[in-house]
Engineer: 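Just passing along the structure, written as structure tokens.
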Amino acid sequence: MQLHGKHIISGQPAPVTEEAASFFAVNPADGVELQPAYREATPDEIDRAVRAAADAQDSVAALAPELRGRFLREVAAEIETLGDTLIRRCVAETGLPEARLAGERTRTVNQLRMFAALVEEGSWVEARIDRAQSNRKPTPKPELRRMLMPIGPVAVFGASNFPLAFSLAGGDTASALAAGNPVIVKAHPCHPGTSELVGQVVAGAAKQIGLPPAVFSVLHGAQYEVGKGLVSHPSLRAVGFTGSERGGRALYDIAASRPVPIPVFAEMGSINPVFVMPGALRTHSAELVSGLVNSATLSVGQFCTQPGAVFVLDCPEREHWIEETGSAIRSQSCGVMLSAGIANAYAAAVMELESNPGVEGIGAEPAAAERSVKRKTSPDERSSLAAGTVACPQAFATDLETFLGSPALRSEAFGPVTVFIRVNSEAELLRAAESLEGQLTATIHADNDELAYHTALRAALTRTAGRIIYNGYPTGVEVCPSMHHGGPYPAATFPQFTSVGTAAILRFARPVCFQNMTDEVLPPELKDANPRGILRLVDGQPTREALSALD
């Protein structure tokens, strides 16, 4: 499959707009630009893509669930068919290792098949029926039938750190398509070639099955104006975003300032606090060291669930454990980050920590930049240094007062840096938990008695985080129906929704209630006979039976 560097609008490569500014993907390992050139989407191209999606939304919404499921399964199969072509391009654009990307590809196709199964089964629409009571006094009760229906054209913004699983055919796209919506993807400028390969697959699958061409479009752009123009378009109905707080909040503000505001379902990361109790250090200290080090440095720390803050309650083992764990983090290999911009932001965050008088580096290591130059000697490694994308794992320690008074310590530093905070009493432990902003995850390492004892801590973390982990690690988000990947702001814009798992489909649907509607014009999910056999709530009772069987 050849790359053409064009937008895909309504399933077709768009003619090149010569006057539009161009940009290239850059190999983060050596700083070399990758062909072909990609052009910024113009206002006209944005308008054509969204208008086409809006014109097609009714026909897309009317697609039979079996056809939606077939479409998602076909996309999954075709992504697998891309084979090494996809992985090689993705490695070149992201610097991520082949094994990591192969695993992400598996996650991506499994997500697509998971949503195919969900929409084929059908109960996700949450059908509710309350039958009429004409003899009710003092007023008759009308017949009411309610279900979730597609929200309309959805814009999905690809994520830099997940070029497959959170990008072109990732979870946001899969869930929006499964719900019956047309999707316009804003490809991430760090991996436009990867995005184009997958985009061609999605468009090809839609054509093969006979879906409306405007069910899927892809727009490119490295400039702010492209995203702004897309979110501002009056025909757009929702946005899915995974990335930084700054980027997510910018899109949220644009959407909120529209004459008709729309939701931006943004997942924006967090520091993912870890609370370590004395019992954990007594019972599984060695495993805790290795597990935390792996979680903190995996993929050069470029996960939204990277554990950035570790609160350790006072005990005789504490100082030795902090020193051992922090030194182990710093001893891990330096790595290539996704882009020079991300690496520069990481270096700035580390420098700010190093300049804080209340923060101490763990071990006698030099600063990150100095250590990179001293340790990197091979030609490939020197190329990465020249590209400005190398980052080295860092570990720091501080006290609670310094943590509470330093915004830099309380904000996500995207990369392999972890700060250990010494907590000297149970009161301080609770104070630390209650001081935190919204988080994607919060972790407790303790023995069972400690976990049962710290009820106030558990309650505080339940208010703060979307996922509470016991004696585990926040990285390695499981894609399954019970997963919740989200949390109170600023971890996400809507804490009641998840961007991972089958519940992610709920973001891109809205409830519609039909009152006294005749059976022949109702959606199949609400008809008397329940032809799809889905689980429904009838007069307050869950059932798969037809209404006639309940009389």
Engineer: Could you check whether any side-chain heavy atom of Ser285 comes within less than 4.5 Å of a side-chain heavy atom of His320, counting everything from C-beta outward?
Structural biologist: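 In short, these two side chains do not touch, never coming nearer than 4.5 Å.
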
Engineer: Mind listing the closest non-hydrogen atom pair of Val226 and His220 along with its distance?
Structural biologist: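 Heavy atoms of Val226 and His220 come nearest at CG1-O, 3.9 Å.
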
Engineer: Can you check whether Glu196 reaches Arg89 side chain to side chain, under 4.5 Å on heavy atoms?
Structural biologist: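 The answer is no; the side chains never approach within 4.5 Å.
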
Engineer: Report the residue from Thr418, Leu298, Val417 that forms a side-chain contact (heavy atoms from CB on, under 4.5 Å) with Gln306.
Structural biologist: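 Option passing the side-chain contact (heavy atoms from CB on, under 4.5 Å) with Gln306: Thr418.
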
Engineer: Mark yes or no for whether Glu93, through its side chain, and Val91, through its backbone, hold a donor-acceptor pair below 3.5 Å.
Structural biologist: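 Answer holds: no.
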
Engineer: Check whether any side-chain heavy atom of Glu354 lies under 4.5 Å from a side-chain heavy atom of Val359, and answer yes or no.
Structural biologist: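 No, their side chains stay 4.5 Å or more apart.
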
Engineer: Are side-chain heavy atoms of Leu436 and Pro273 found at a separation under 4.5 Å?
Structural biologist: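 The answer is yes; the side chains approach within 4.5 Å.
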
Engineer: Measure across Leu219 and Ile184 and return the closest heavy-atom pair with its distance rounded to 0.1 Å.
Structural biologist: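 That closest heavy-atom pairing would be CD1-CG2, 3.9 Å.
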
Engineer: Compare every heavy atom of Val390 with every heavy atom of Cys334, then report the nearest pair and how far apart it is.
Structural biologist: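 In this case the closest contact between Cys334 and Val390 is CB-CG1, 3.8 Å.
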
Engineer: Could you walk me through whether Phe265 and Phe508 pass ring pair (Phe, Tyr, Trp, His ring centres under 6.0 Å), step by step?
Structural biologist: CA-CA 9 Å; Phe265 299 103; Phe508 303 121; 5.7 Å; yes

Engineer: So, Thr389 side chain and Pro28 main chain: donor-acceptor pair closer than 3.5 Å or not?
Structural biologist: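 Such a contact is found between Thr389 side chain and Pro28 backbone.
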
Engineer: Evaluate whether atom CD of Glu98 has more than 12 neighbouring non-hydrogen atoms of other residues, nucleotides or ligands under 6.0 angstrom away.
Structural biologist: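 Not more than 12 within 6.0 Å, no.
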
Engineer: Taking the basic N atoms (NZ, or NE/NH1/NH2) and the acidic carboxylate oxygens, is any pair closer than 4.0 Å for Arg431 and Glu401?
Structural biologist: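 Yes, this pair counts.
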
Engineer: In terms of ring plane angle, is the pair Phe162 and Phe166 parallel, tilted or perpendicular, where the classes change at 30° and 60°?
Structural biologist: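 Perpendicular.
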
Engineer: Classify the side-chain pair Thr441/Asn272 by whether it contains a donor and acceptor separated by less than 3.5 Å.
Structural biologist: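 A donor-acceptor contact under 3.5 Å links the two side chains.
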
Engineer: Taking C-beta and beyond as the side chain, do Gln439 and Leu461 meet within less than 4.5 Å on heavy atoms?
Structural biologist: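 When only atoms from C-beta onward are counted, Leu461 and Gln439 do not touch, as no gap falls below 4.5 Å.
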
Engineer: Do side-chain atoms of Glu450 reach the backbone of Asp447 as a donor and acceptor pair under 3.5 angstrom?
Structural biologist: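 Yes, the answer is positive, given that a donor and an acceptor are paired below the 3.5 Å cut-off.
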
Engineer: Hey, is the main chain of Ala159 close enough, under 3.5 Å, to the side chain of His191 for a donor-acceptor pair?
Structural biologist: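 Checked: pair present.
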
Engineer: Which atom names give the shortest non-hydrogen contact between Leu177 and Asn181, and what distance separates them?
Structural biologist: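 Scanning both residues completely, I find the closest heavy atoms to be CD2-O, 3.5 Å.
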
Engineer: Does atom CZ (Arg318) have a neighbourhood of more than 12 heavy atoms from anything else shown, all under 6.0 Å?
Structural biologist: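 It does: Arg318 CZ has more than 12 such atoms within range.
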
Engineer: Do Leu292 and Pro307 come close enough that some side-chain heavy atom pair is under 4.5 Å?
Structural biologist: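 Yes, side chains in contact.
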
Engineer: Taking all non-hydrogen atoms of both residues into account, name the closest pair between Ala29 and Asn27 and its distance.
Structural biologist: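 Ala29 and Asn27 have their closest heavy atoms at N-OD1, 2.9 Å.
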
Engineer: Side chains of Val419 and Phe403: closer than 4.5 Å at any heavy-atom pair?
Structural biologist: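 No; the side chains remain at least 4.5 Å from each other.
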
Engineer: Determine, stepwise, if the pair Glu267 / Arg507 fulfils salt bridge (charged side-chain N to carboxylate O under 4.0 Å, His left out).
Structural biologist: CA-CA 12 Å; Glu267 183 265 284; Arg507 297 171 299 168; over 6 Å; no

Engineer: Where is the tightest heavy-atom contact between Thr94 and Pro163, given as atom of each residue plus distance?
Structural biologist: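 That would be CG2-CG, 3.9 Å.
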
Engineer: Under 6.0 Å from the ring centre and within 45 degrees of the ring axis: does the NZ or CZ of Arg458 meet both conditions for the six-membered ring of Tyr453?
Structural biologist: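 Ring-cation test returns no.
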
Engineer: Looking at Pro416, is its backbone amide N or carbonyl O close enough to the side chain of Thr297 to form a donor-acceptor pair, meaning the two atoms are under 3.5 Å apart?
Structural biologist: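 Between the backbone of Pro416 and the side chain of Thr297 there is no qualifying donor-acceptor contact (under 3.5 Å).
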
Engineer: May I ask you to say whether Arg105 pairs ionically with Glu80, meaning some side-chain N is under 4.0 Å from a carboxylate O?
Structural biologist: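 Salt bridge absent between Arg105 and Glu80.
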
Engineer: Using only atom types and a distance under 3.5 Å, with no angle test, would you say the side chain of Ser270 pairs donor to acceptor with the backbone of Ala491?
Structural biologist: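 It does not hold such a pair.
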
Engineer: Can you tell me which residue among Tyr473, Tyr470, Phe275 is in a ring-ring contact (aromatic ring centres under 6.0 Å, His included) with His445?
Structural biologist: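 Answer after filtering Tyr473, Tyr470, Phe275: Tyr473.
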
Engineer: Under a 3.5 Å threshold, yes or no: a donor from one side chain and an acceptor from the other, between Ser406 and Asn356?
Structural biologist: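 Ser406 vs Asn356: donor-acceptor pair found between side chains.
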
